[in-house]
Each structure stands twice: as C-alpha cells, then as structure tokens.
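In each ligand, atom 1 is the first atom listed, and ligand 1 is the first ligand listed. Just so you know, these numbers use all the heavy atoms, side chains as well, and skip hydrogens, waters and symmetry mates. Nothing fancy with the numbering, it's 1 onward along the sequence.
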Amino acid sequence: MRTQVCIIGGGPSGLLLARMLHNDGIEAIVLERHDRDHVLARIRAGVLEWSSVETLDRAGVGRRMHAEGTPHGGTYLSAQNRGFRVDYEALTGKRVMVYGQTEVTHDLYDAMDAEGTPVLHGVAGVTIGNPDSDAPFVTFRHQGADRRIDCDWIAGCDGYHGVSRDTIPANVLKTFEKIYPFGWLGVLSETPPVSHELIYANHERGFALCSQRNAMLSRYYLQVALDDQIEAWSDTRFWDELRRRIPEQAADSLVTGPSIEKSIAPLRSFVAEPMRWGRLCLVGDAAHIVPPTGAKGLNLAVGDVHYLHDALTRAYAGDPAAIDRYSETALVRVWKAIRFSWWMTSVLHKFPGQTPFEQRIQEAEINLLEVSDTAKANLAENYVGLPF
Ligand code: FAD
Ligand code: DHB
C-alpha cells in the first residue's frame, strides 16, 4: 500500500489530522490498535479551549458540538469549602466549550466514514522503517496478514504508550518528566451537575473537581493516594468524600446516583524533544503528557495537529522547510501548557508531607486569585488557551 501520510493511532490527534489533510486533498491512512467501540468507550477530557472549537469547526466537524456542547464563560475555584468565580469571558473575551472527548472522537469517525478515509482497526505489531530517509514505511499485521505502507510522512499519534516515540534514537531524544504523588479517581454519573460551571476545589482532605458532560451527565474527580484501589471506593464513599471537599452550598445541593464509570488515573508531566525526527512527527500524548488539572491534554493535541497540518500542507505546496519548524513551534506552546498544568496541580492539591510553610504559600496563592484581577486574568488567559 502507498499513501502520503501514514498516521499511527486513531485517537483524537490521528483522526483530526487525517480529517484536516483530507480537506486539503492530502491522502492519509490511520492505523489503530483497538476497535472503534473500545476507542469510543474511553472517558477522558471534557473541556475544549476556544481555539480547539475553532479548529474543529474549520475541519468541518463542529456541528454537533455547537448543538450539544455547552459554552462556559467562567469557573469556580474553592479553598476549604469557600468558593469564588473566575470570569473568563470578562477577563479574556473568550469562553471554553464543555464537550466530551468521546463526542469529538465520535464526530471525527462519522466524518471519516462519510469521506472514505481508511481507518484500519485492530492493527498489531506496528513498526516504523527508515524514518530518517526520504522513503519511510510502516509495517503491521491486520486481519491475519502482514502489511506494509510506504509513505512520505509518518505521524506518530499513538499516545503515551505508543511505538512512535521509541523509534527516535536515545541519543537524539531528550525527555523531561515529573510524577505527582497522588492520582485522580473519576466518576461519571447520570445525574444533573451540581453547578452550572466547573468547581476546582482545594481542601485539606485533597483536591476535588466537579465537571459535567451535559444536563444529565456529571463528571466528578477526587484526589486519591497512588496506591488506592478502585474497589475501596464504593459510590457512597465517593459521594461522602466529594461533599466534604466542595463549597457547602454545592455539597447541600449535590444530586447523587450510581456511577456508570469509575477509574483511577496517575498524574504526570512529560515532554519528549524533539517532536520530529526525519520524516516522523510526534503529535499529542505521544510527545507530551500533562496532569489533568488544567484541562490541557486534548487541547494540546489539537494544537499539535494545527501546527503539523500547516507544515504538511506547506511542504506539499513546495515549501519543505516548513516541516523543519514543526517541533520548535509546537514545543513553545507545549511548555507553556506544561507550566500551567503543573502550577494548577501544585496550587490545588494536598501534597503528602506538605509543610506548614508550603500550606500557607498555597493558601496565599488562592487568596491572591480571589482578590486580584491580575492574578485571575493570568489563570483565565491560560485556561481558555494561548493562541496558536
Ligand atoms: P490518545 O487519545 O492516547 O490516542 C492514541 C491512540 O493510539 C489510541 O487510540 C491508541 O489505542 C492508539 N495506539 C497506541 N499505540 C498504538 C500502536 N502501537 N499502534 C496503533 N495504534 C496505537 N485530558 C484532559 O484535558 N482532561 C481529562 O480529564 C483527561 N483525562 C484523561 C484520562 C486518562 C485515563 C487519560 C489516559 C488521558 C486523559 N486526558 C485528559 C488526556 C487526553 O485524553 C489526551 O491528551 C488525548 O487523548 C490525547 O489524544 P491523542 O490522540 O494524542 O492520544
Ligand atoms: C474535566 C477534566 C479535567 O481535567 C478538567 O480540568 C476539567 C474537566 C472533565 O473530565 O470534565
């Protein structure tokens, strides 16, 4: 088989890149390890920056997002059960869109089906050949047969546990990592959200987040210990603990119900540099991971796709040097989101062994946000998303 761009990974990065390339008449094939139902069952991000919304619009996959998503002009922060609002719209003129990653992925699959872009599911043993030459290729097994795709470019959109990043030689690849000493326990429940906007809560018992997908679907998170087992968290224990950590008014009006999904995720900051080696370009989680506190993971993936799409269309239009700037351009934005997510995580979580000094610094950070419009504007600018 031959194509122009071989895309490894059919998550949001891979699908969006394929869609945008198709719109410009550039051919791509997407190789995905899992079946479609598995990809669509993964409950992940819930907040889109407005630049991501506009990118999805430009890609022609925004119709359902605007019909079913909810724009949010602000959010609540709380410390020790007392909340205050950050008005994103007043401070930046921008909003964010609450629309789940699952739905974004769904819309992208529908678009692929309609246009006929091939997405091969259930591929195994993907390997990348000659990425540092002008004739790269990808080999894999699909439906019992060994296959090979020759291509011009390879997009490594295969997430943190994919194969693309490891193809870059150790003496070229530089990685930066910070592991946080806690995890997030997430619950999805078919209940009305406790607040019409998100609540990010700092509490001495640990961080909590109240989010949502729609009027009858809520998403909540609790900071838990890294060695906590999911079985130890009955629904009742989860709701009781959430009530303790959020503002009193919210706790009083919290509607509880059975969880329909419950999982624990570790928190990590990670960056791999460079994001391009020869004809292989890393995109999204394959190149970087953020702790979820700033809602940046999916948005960073959309940003990378924006830059790579731009570079590839320029390259095909006769400006091959455009691709030379991809890694550097993307990383400048990535590092700012890495900083913001690290900062949100540091300010809002209870760290094991946190000293009284560190506790007071955290309280001062949150108080500064409450009283200072300048501090709020800084948070707001980063949360709604820095420009591409
Ligand atoms: P992925 O979504 O990981 O997609 C990669 C795809 O590649 C997958 O479909 C995978 O099956 C496929 N793949 C992997 N290896 C291979 C291979 N060898 N061959 C073929 N295919 C392969 N972000 C937020 O902003 N908010 C959140 O609340 C949030 N929660 C998250 C919870 C979890 C458990 C995780 C893992 C991530 C979460 N994120 C969140 C981050 C966000 O979901 C990611 O940043 C986003 O999914 C990145 O998209 P991606 O397409 O780059 O990678
Ligand atoms: C969601 C997840 C986040 O990490 C976040 O910061 C905001 C919302 C969510 O899943 O809805």
Side-chain angles (χ1 to χ4, degrees), residues 6-18 30-36 38-49 52 70 72 75 96-102 104-105 108-109 119-128 138-142 155-167 183-188 193 197-200 207 209-214 217-221 261 263-268 270 282-305 308 334 337 340-341 344-345 348 383 385:
C6 183
I7 298 177
I8 305 172
S13 307
L15 297 175
L16 179 60
L17 180 64
V30 180
L31 306 178
E32 167 56 47
R33 179 162 49 183
H34 292 293
D35 63 34
R36 184 185 289 209
H38 177 102
V39 174
L40 287 172
R42 295 187 299 219
I43 309 294
R44 290 186 173 179
V47 177
L48 296 173
E49 297 171 357
S52 299
T70 316
H72 281 205
T75 196
V96 292
M97 177 74 91
V98 171
Y99 190 63
Q101 177 168 335
T102 314
V104 173
T105 310
L108 286 164
Y109 273 132
V119 183
L120 306 188
H121 284 278
V123 304
V126 170
T127 58
I128 294 173
V138 177
T139 60
F140 55 98
R141 277 190 79 70
H142 185 236
C157 302
D158 48 353
Y160 182 67
H161 299 288
V163 294
S164 299
R165 190 178 62 249
D166 290 343
T167 305
W184 275 23
L185 169 62
V187 155
L188 192 67
E197 291 179 335
L198 273 60
I199 304 173
Y200 287 87
F207 169 77
L209 169 59
C210 305
S211 183
Q212 55 195 264
R213 292 292 178 272
N214 60 47
L217 196 56
S218 299
R219 181 74 166 154
Y220 296 106
Y221 297 95
E261 197 265 356
S263 52
I264 295 182
L267 271 71
R268 172 198 309 270
F270 173 87
L282 302 180
V283 182
D285 278 17
H288 40 71
I289 296 287
V290 287
T293 325
K296 287 286 163 253
L298 174 59
N299 292 297
L300 273 185
V302 173
D304 292 351
V305 170
L308 184 57
V334 164
F340 177 66
S341 307
M344 283 277 278
T345 305
L348 291 171
Y383 193 89

Region of Tyr221 engaging ligand 1 - heavy atom pairs below 4.0 Å: side chain
Atom indices of ligand 2, in the order listed, that fall short of 4.0 Å to a heavy atom of Ala295: 5 (C), 6 (O), 7 (C)
Nearest neighbour in protein (non-hydrogen) for atom 21 (N) of ligand 1: Arg33 N, 3.1 Å
Side chain, backbone, both or neither: the part of His38 lying under 4.0 Å from ligand 1 by heavy atom: neither
Closest approach of any protein heavy atom to atom 4 (O) of ligand 1, naming residue and atom: Gly11 CA, 3.5 Å
Under 3.5 Å: donor-acceptor pair, side chain of His121, backbone of His34: yes
Sub-4.5 Å side-chain heavy-atom contact between Val39 and Leu15: no
Which atom of Thr345 lies closest to which atom of Pro291, heavy atoms considered: OG1-CG, 3.3 Å
Which of the ligand 2 atoms, numbered from 1, are nearer than 4.0 Å to a heavy atom of Leu198: 7 (C), 8 (C)
Heavy-atom pair of closest approach, residues Tyr383 and Ala295: OH-CB, 4.0 Å
Side-chain touch Ile43/Arg219, heavy atoms, less than 4.5 angstrom: yes
Where ligand 2 meets Arg44 - atom numbers and elements under 4.0 angstrom, heavy-atom basis: 10 (O)
Within-cut-off N or O pair, Tyr383 and ligand 2, under 3.5 Å: no
Gly162: numbered ligand 1 atoms lying under 4.0 Å from its heavy atoms: 15 (N)
Atoms of ligand 2, numbered as shown, that sit under 4.0 Å from any heavy atom of Arg219: 10 (O)
Selection from Val290, Asp158, Leu31 by shortest heavy-atom distance to atom 14 (C) of ligand 1: Asp158
Identity and separation of the nearest protein heavy atom to atom 49 (O) of ligand 1: Pro12 CG, 3.6 Å
Heavy-atom closest contact (Gly9 atom, Val30 atom, distance): O-CG1, 3.6 Å
Ring geometry between Tyr221 and Trp184 (parallel below 30°, tilted from 30 to 60°, perpendicular above 60°): tilted
Any N/O pair Ser211/ligand 2 closer than 3.5 Å: yes
Nearest-neighbour protein heavy atom for atom 3 (C) of ligand 2, which is reported as residue plus atom name and distance: Pro292 O, 3.6 Å
Close side-chain approach of Asp158 and Val126, heavy atoms under 4.5 Å: no
Nearest option to atom 18 (N) of ligand 1, as decided by whichever heavy atom of Ile7, Val163, Leu15 sits closest: Val163
Ligand 2 versus Arg213: contacting region, heavy-atom distance under 4.0 Å: side chain
Thr70 side, atom OG1; Arg213 side, atom CZ - distance, nearest 0.5 Å: 11.0 Å
Best match, Gln101, Arg219, His288: closest heavy atom to atom 42 (C) of ligand 1: Gln101
Identity and separation of the nearest protein heavy atom to atom 27 (C) of ligand 1: Ala45 CA, 3.4 Å
Per-atom contacts of ligand 1 with Ala295, taking only distances under 4.0 Å to non-hydrogen atoms: 25 (O)
Atom indices of ligand 2, in the order listed, that fall short of 4.0 Å to a heavy atom of Thr293: 6 (O)
Between CD1 on residue Ile8 and CZ on residue Arg33, distance to nearest 0.5 Å: 11.0 Å
From CG (Leu16) to CG (Leu298), nearest 0.5 Å: 9.0 Å
Region of Cys157 engaging ligand 1 - heavy atom pairs below 4.0 Å: backbone
Atoms in ligand 2 with a heavy atom of Val47 nearer than 4.0 Å: 7 (C), 8 (C)
Quiz item: cation-pi between Arg165 and Tyr160, 6.0 Å / 45°: yes
N or O contact, Val123 vs ligand 1, cut-off under 3.5 Å: no
Val334 versus Leu300, closest heavy-atom pair with distance: CA-CD2, 3.9 Å
Flag, side chain of Thr75 to backbone of Leu198, donor-acceptor distance under 3.5 Å: yes
Interatomic spacing from CG in Leu188 to OG1 in Thr102 - rounded to 0.5 Å: 8.5 Å
Distance from atom 50 (P) of ligand 1 to nearest protein heavy atom, with residue and atom: Ser13 OG, 3.2 Å
Close-contact set for ligand 1 against Gly159 heavy atoms, below 4.0 Å: 3 (O), 5 (C), 53 (O)
Heavy-atom check, side chain of Pro12 versus side chain of Val302, under 4.5 Å: no
Atoms of ligand 2 close to Tyr200 [distance to a heavy atom under 4.0 angstrom, numbered from 1]: 5 (C), 6 (O), 7 (C)
Heavy-atom nearest neighbour in the protein, as seen from atom 11 (O) of ligand 1, with distance rounded to 0.1 Å: Glu32 OE2, 2.6 Å
Closest approach of Gly14 to Ile7 (non-hydrogen atoms, all atoms of both residues): CA-CG2, 3.5 Å
Distance from atom 44 (C) of ligand 1 to nearest protein heavy atom, with residue and atom: Asp285 OD2, 3.2 Å
Heavy atom of the protein closest to atom 10 (O) of ligand 2 (residue, atom name, distance): Tyr221 OH, 2.6 Å
Which residue and heavy atom of the protein sit nearest atom 37 (C) of ligand 1, plus the separation: Arg44 CD, 3.7 Å
Nitrogen or oxygen of Trp184 less than 3.5 angstrom from that of ligand 2: no
Minimum heavy-atom distance between Val290 and Gly297, given as atom pair plus value: CG2-N, 3.5 Å
Ligand-side contact atoms (ligand 1) for residue partner Val126, heavy atom cut-off under 4.0 Å: 19 (N)
Which of the ligand 1 atoms, numbered from 1, are nearer than 4.0 Å to a heavy atom of Gly284: 52 (O)
Subset of ligand 1 atoms that lie under 4.0 Å from at least one heavy atom of Arg42: 8 (C), 9 (O), 10 (C), 11 (O)
